[in-house]
Undergrad: 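Mind looking over this structure? Questions follow.
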Amino acid sequence: MATPGVPVDNNEDKKDQSEPAGEEDFETLKYQLLGPSLTKAGQDAVDQQKVSEIIYNASKGSKFFNHEQERDRNLTVKIERILKAKARLEKLDLSHDLRRADEYLAELELSRDLSQFVIHVDCDAFFAAVEELDRPELKTVPMAVGKGVLTTCNYLARKFGVRSGMASFVAKKLCPHLVLLPQNYEKYTAKATEIRAIMAEYDPLFETASVDEAYLNITAYCDENQVDPEEAVQNMRARILEETKVSVSAGIAANAKIAKIASNQNKPNGQFCVVNKREAIMEFMRTLPVRKVNGVGRVFERELGSIGVVTCGDIYPRRAMLTKLFGEKAFQFLAQCYLGLGRTNIQPIEASERKSVSTETTFNEIGDKEELRAKLRWAAEEMEKDLVRTQFKGRTLCLKVKLHTFEVLTRQTAPPRAVSQANDLYAFALPMLVKLEKEIPGMKLRLLGLRCSNLVSTKKAGINFFGVTTQPRSSAAQTTETSVQKDDHEIGPEEAFESSARQEVQDEMNDLEQLSQEAAHFPDTGESSGAVNPGSSPAQWECPICGRPQVADDRIFNDHVDFCLSRQTIREVVEDTSQEEPSAPASRKRKPSQPSTANNDTRQKRLFFQ
DNA sequence: GCGGATCAC
DNA sequence: TATGGTGATCCGC
């Protein structure tokens, strides 16, 4: 029942036996250290026992290792709690939960759609493959892309146990001759564009899942060209290989979830089809390790394994206790795994679906406050560039730090208005950093980052809007190429979005109006959040910390903000400021949630629960 | 709404 | 010597 190599937590056969005091369970830790991509192709012939030993010894004693060890201990404790809960449940009458579970399964079954052919296309060792095109001699040696941590490696490297996500010095221990190449993302994007051009012929509305992955719905294509899906995919893969020299693998199934799993089945340069019949799907899922399903990672795998759920088939006999052990969402997710259900509507990802913009960098431990401040300044400037590029401002600003111990902390704040300029980002982030420095004496960081969320678009369509008569439809036409003018009140997914976009614009207008009254200036370019006034008059701004209006250039602005922040009263002032200038009202409308179609359209990528 | 945790790539 | 960056979601509080 157990997957070879996967450590077994106290499972039901062993009952509730804790480890002897003072002894560590190194098996789970070693498994954790193996990294998240164990399930990737090319690892079958590898002696995982030996590999994990090498990784373990290379890592032992490091701060990274200690942190992983702590996480492993915490998870072990959590699993003990799960097992105790399970033991209690087994003494109770679960017939009610059983009936509820069966009702849900029956309901899901009704939503099963076997009429669509969805495929998932996945490039094989993509970054490495692209590099090999430029330098064919690399095909014959183990090679990986990435600096400190590997992003991709070719199949020769995988034979040594090397895999993505691995620290390069560890990879070198496993494979001393490993060739390391720096990442060249533009090159990969260009190649991906070539591949996508071909995929578009099979489904113009295909969905890119990442730079090297895509979902297509080829139902219409197969219908129009009178070919069966396997033949069409065979054909498409051959064309991609011929015309772009990149090999891809594909999965063919009734929905995206199974297609994704299937694309990994015959990697590299292969394809796998799960035929659109209930029996075939159920049989495929029955023996499929839960870990193979998107959304089940190392942690959930161990939690499920502890109660005896290793394959999707194991879900059924435990169905009555899943809600109580892992929560409702988890139960629903697992029910769909058991039945092999997933979404069938494949659509281009709209850029406007973005919910956050972030930047972060790792560096050698820094404890010096001035140096940290310089890092923050740099992060703020990077963030400004990203916000300009993506055309957003953020209503919420989040500071992320990683301590030298690898512990991660985040602190967020809602500035009085949406921010995008480096000066503002810095000014609002610094108090959070200062506060952390107070909370953690002698704080040393190895990473610092910023994230903006609660985004406000600064796209032209929205900004031109300002001062122009409200014309939602024309705005919509600008933002959506294929938008259709509708005169009725029917709300389709597209319209729902447009309506929400209008609301965003309206909100922005309201905010700006309020601001222009308060600060007596008119930010008509969208590039400024109050720091600079257009025209020939001297630049006018207000300090985001003390709120005092000033006339100054950037240097003086920075000095003043630094001065304000260095005062003892920083926190109080900031709190007062935000009270005086409340952020967006709580009732503010959010972007539409995914249009709910059927039960099988759950796009829940994650479902976590304690 | 915030902060921690998990996951995918 | 040494273990990434970006985006998203879920949960408990």
Side-chain angles (χ1 to χ4, degrees), chain A residues 32-33 35-37 39-40 55 58-68 71 74-75 78 122-123 126-127 145-152 163-173 183 185 188 208-213 260 291 293-303 326-330 332-333 349 353-365 379 382-383 386 390 395-402 404 406-414 432 436 446-455 583-584 586 588 590 593-594 602-610:
Chain A
Q32 187 174 333
L33 286 167
S37 55
T39 53
K40 293 269 180 177
I55 297 176
S59 306
K60 198 156 65 182
S62 68
K63 289 177 176 177
F64 172 80
F65 178 92
N66 292 338
H67 184 250
E68 290 298 297
R71 287 182 47 186
N74 290 342
L75 180 55
K78 188 175 165 190
D122 197 342
C123 302
F126 185 53
F127 294 180
V145 177
K147 275 264 184 294
V149 166
L150 311 183
T151 20
T152 322
R163 54 177 69 79
S164 63
M166 179 177 279
S168 42
F169 81 93
V170 174
K172 279 278 191 182
K173 282 223 159 61
Q183 194 163 319
Y185 205 78
Y188 313 143
T208 59
S210 71
V211 68
D212 70 334
E213 282 180 42
K260 166 81 181 163
R291 184 65 165 84
V293 181
N294 235 6
V296 179
R298 280 177 290 178
V299 171
F300 200 18
E301 177 190 33
R302 265 189 67 189
E303 291 175 1
F326 301 111
E328 185 66 22
K329 282 266 168 67
Q332 293 177 358
F333 171 79
I349 302 281
E353 279 185 26
R354 178 190 280 272
K355 293 195 171 69
S356 72
V357 178
S358 69
T359 177
E360 66 185 53
T361 40
T362 295
F363 37 75
N364 294 325
E365 285 179 22
E382 284 301 300
M383 180 59 115
D386 290 347
T390 54
R395 283 195 150 93
T396 301
L397 179 63
C398 177
L399 174 75
K400 172 179 174 179
V401 301
K402 195 186 277 181
H404 67 109
F406 284 85
E407 187 184 355
V408 175
L409 301 172
T410 60
R411 293 293 181 269
Q412 71 181 60
T413 185
M432 296 190 277
L436 281 171
R446 73 185 324 278
L447 173 146
L448 190 148
L450 291 175
R451 184 173 73 247
C452 278
S453 52
N454 256 309
L455 298 179
S583 53
R588 191 176 159 276
R590 296 298 320 131
S593 52
Q594 197 71 8
T602 52
R603 285 206 66 177
Q604 48 192 32
K605 290 178 182 164
R606 288 290 319 122
L607 28 119
F608 269 83
F609 27 76
Q610 299 302 318

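All values below were derived from every heavy atom in this structure, side-chain atoms included, with hydrogens, water molecules and symmetry-related copies excluded. The chains referred to below are lettered A, B, ... by the order of the sequence lines, with proteins before strands, and numbering in each begins at 1.
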Undergrad: So, is A:Lys355 near the phosphate of C:dT9, with a side-chain N or O under 4.0 Å from OP1 or OP2?
TA: yes
Undergrad: Looking at A:Arg298, I want to see if its CZ is surrounded by more than 12 non-hydrogen atoms of other residues, nucleotides or ligands under 6.0 Å.
TA: yes
Undergrad: Expressed in angstrom and rounded to an integer, what is the separation of A:Lys402 atom NZ from C:dT3 atom P?
TA: 9 Å
Undergrad: Considering only the C1' atoms, how many Å lie between B:dC7 and C:dG4, rounded to the nearest integer?
TA: 15 Å
Undergrad: Starting at CG of A:Leu450 and ending at C1' of C:dG7, how long is that distance when rounded to a whole Å?
TA: 15 Å
Undergrad: May I have the distance from A:Gln32 (atom CD) to B:dA5 (atom P), rounded to whole angstrom?
TA: 13 Å
Undergrad: Of all the choices, B:dA8, C:dA2, B:dT6, which nucleotide is nearest to the side chain of A:Phe169 once you look at every atom?
TA: C:dA2
Undergrad: Would you mind classifying the nucleic acid contact of A:Leu150 as base, sugar-phosphate or nothing, using non-hydrogen atoms under 4.0 angstrom?
TA: nothing
Undergrad: Is A:Thr410 near enough to B:dG3 that one of its side-chain N or O atoms lies under 4.0 angstrom from OP1 or OP2?
TA: no
Undergrad: May I have the distance from A:Lys63 (atom NZ) to C:dT1 (atom C1'), rounded to whole angstrom?
TA: 12 Å
Undergrad: Base, sugar-phosphate or nothing for A:Thr361? Non-hydrogen atoms, less than 4.0 Å.
TA: sugar-phosphate
Undergrad: Taking only the side-chain heavy atoms of A:Lys400 (C-beta and beyond), determine which of B:dT6, C:dT3, C:dT6 contains the nearest atom.
TA: C:dT6
Undergrad: Among the candidates B:dG3, B:dC9, C:dT3, find the nucleotide nearest to the side-chain atoms of A:Ala167.
TA: C:dT3
Undergrad: I want to know whether A:Phe326 and A:Phe333 have ring centres closer than 6.0 Å.
TA: no
Undergrad: What heavy-atom pair brings A:Asn454 and A:Thr396 nearest, and what distance separates the two atoms?
TA: ND2-OG1, 2.9 Å
Undergrad: Please determine whether a side-chain nitrogen or oxygen atom of A:Arg446 lies at a distance below 4.0 Å from atom OP1 or OP2 of C:dG4.
TA: yes
Undergrad: Which of the following nucleotides, B:dA8, C:dT3, C:dG5, is nearest to the side chain of A:Arg291?
TA: B:dA8
Undergrad: Kindly point out which of C:dA8, B:dC2, B:dC7 is positioned nearest to the side chain of A:Arg354?
TA: C:dA8
Undergrad: Could you say whether A:Asn74 or A:Val211 is positioned toward the 5' end of DNA chain B, judged by the nucleotide with the nearest heavy atom to each?
TA: A:Asn74
Undergrad: Atom CZ of A:Phe300 to atom P of C:dT9: distance rounded to whole Å?
TA: 18 Å
Undergrad: Quick one: is C:dG5 close enough that its OP1 or OP2 comes under 4.0 Å of any side-chain N or O from A:Thr362?
TA: yes
Undergrad: Side chains of A:Leu397 and A:Met432: closer than 4.5 Å at any heavy-atom pair?
TA: yes
Undergrad: OP1 or OP2 of B:dT6 sitting under 4.0 Å from any side-chain N/O of A:Lys78?
TA: no
Undergrad: Is A:Arg298 touching bases, backbone alone, or none of the nucleic acid, heavy atoms closer than 4.0 Å?
TA: sugar-phosphate
Undergrad: Of the nucleotides C:dT6, B:dG4, B:dC9, which has the atom closest to the A:Glu360 side chain?
TA: C:dT6
Undergrad: Relative to the 5' end of DNA chain C, which residue comes earlier, A:Ser358 or A:Asn364, by the nucleotide with the nearest heavy atom?
TA: A:Asn364
Undergrad: For C:dG7, take OP1 and OP2 only and decide whether either is under 4.0 Å from a side-chain N or O of A:Ser356.
TA: no
Undergrad: Classify A:Lys172 by what it touches in the nucleic acid, base, sugar-phosphate, or nothing, heavy-atom distance under 4.0 Å.
TA: nothing
Undergrad: Rounded to whole angstrom units, what separation is found between the CZ atom of A:Arg71 and the C1' atom of B:dC7?
TA: 11 Å
Undergrad: Between the base of C:dT3 and the side chain of A:Ser62, is there any donor-acceptor pair under 3.5 Å?
TA: no
Undergrad: Where the side chain of A:Phe406 is concerned, which of B:dC9, C:dT3, C:dG5 is the nearest nucleotide?
TA: C:dT3
Undergrad: Looking only at side-chain atoms of A:Arg411, point me to the closest of B:dG4, B:dC9, C:dG4.
TA: B:dG4
Undergrad: Salt-bridged, A:Lys260 to A:Glu213, with N to O below 4.0 Å?
TA: yes
Undergrad: Is it true that, when you exclude A:Asn364 itself, more than 12 heavy atoms of the residues, nucleotides or ligands shown sit nearer than 6.0 Å to its CG?
TA: no
Undergrad: Separation of A:Phe64 atom CZ from C:dT1 atom C1', in whole Å?
TA: 15 Å
Undergrad: Which nucleotide in the set B:dG4, B:dC7, B:dG3 lies at the smallest distance from any side-chain heavy atom of A:Gln412?
TA: B:dG3
Undergrad: Check the pair A:Arg446 / A:Glu365 against salt bridge (charged side-chain N to carboxylate O under 4.0 Å, His left out), numbers first and verdict last.
TA: CA-CA 5 Å; A:Arg446 73 185 324 278; A:Glu365 285 179 22; over 6 Å; no
Undergrad: When the distance from CZ of A:Phe126 to P of B:dC9 is rounded to whole Å, what number comes out?
TA: 15 Å
